[in-house]
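Each remark here refers to the structure printed beneath this line.
Whatever order the structure lists them in is the order used to number ligands and atoms, beginning at 1. If you're wondering where the values come from, they're calculated on a predicted model, not measured in any experiment.
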Amino acid sequence: MKDYKDIYKEVDRKIKSIMTSKRYQHVIGVVNTSSKLADIYGEDVQKCRIAAIFHDYAKQFTKDQVQQTILEYCVKLDILEKDSIQLSHSKLAAEIAKKEYGIYDEDILNAISFHTTGRAYMSMIEKIIFVADSIEPGRKYPGVEAVRDLAFHDINKAILMIYKHTITHLLNSDHKIHPDSVTARNYFIDKNKEVNI
Ligand SMILES: [Fe+2]
Ligand SMILES: [Fe+2]
């Protein structure tokens, strides 16, 4: 069985060849940021690096590649995911990690699978990838510095700020909001209250 370092190198070479350099730089930003967060929150750095290098693997797939992956790996997508590569690329990447690269660690697969929407009861690795995706150095949006600062001190509060930003953006641009994001936001509102009691 290949170890995570070999798989990382293999995926790194692959994504470099199928992504724009801007997207690749984003992925490397997520790898580096997730490693730092893993150190701070006592998580497995190798697992975070693997989840991060895979997370946007399918983001630039053509419609044909999306269809082919769905059919080949029997990927189950919900109605919103079927409609949007913004949502489906997470699920496709998780299936590719499992079926093409032999990643069976549920925590890694879930971190890839839920990196766009997040979800309630996320594990620490899931939280790290979700947050790293939003705060890597290439990310620029109003308030990103505040989220970056918070991410290294209180990851649950950082997640709530990310939802505030992304859901506001989705509302303002008349886009649909995935129910996992809404449920997760409600969960993290309660979670942050718990901590403050
Ligand atoms: Fe993504
Ligand atoms: Fe990403």
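- Taking 4.5 Å as the limit, some side-chain heavy atom of Phe188 sits within range of a side-chain heavy atom of Met122.
- Protein N/O/S atoms closer than 2.8 Å to the Fe ion (ligand 1): Asp56 OD1, His89 NE2, His115 NE2.
- Tyr41 does not carry Lys36 over the face of its six-membered ring by the limits of under 6.0 Å from the centre and within 45° of the normal.
- Considering only heavy atoms from C-beta on, Phe152 stays 4.5 Å or farther from Val131 through its side chain.
- Rounding to the nearest 0.5 angstrom, the gap separating the OG atom in Ser113 from the CD atom in Glu106 is 9.5 Å.
- Tyr163 contributes a side-chain N or O that, together with a main-chain N or O of Thr117, makes up a donor-acceptor pair within less than 3.5 Å.
- Not one N or O on the side chain of His165 forms a donor-acceptor pair closer than 3.5 Å with the backbone of Ile162.
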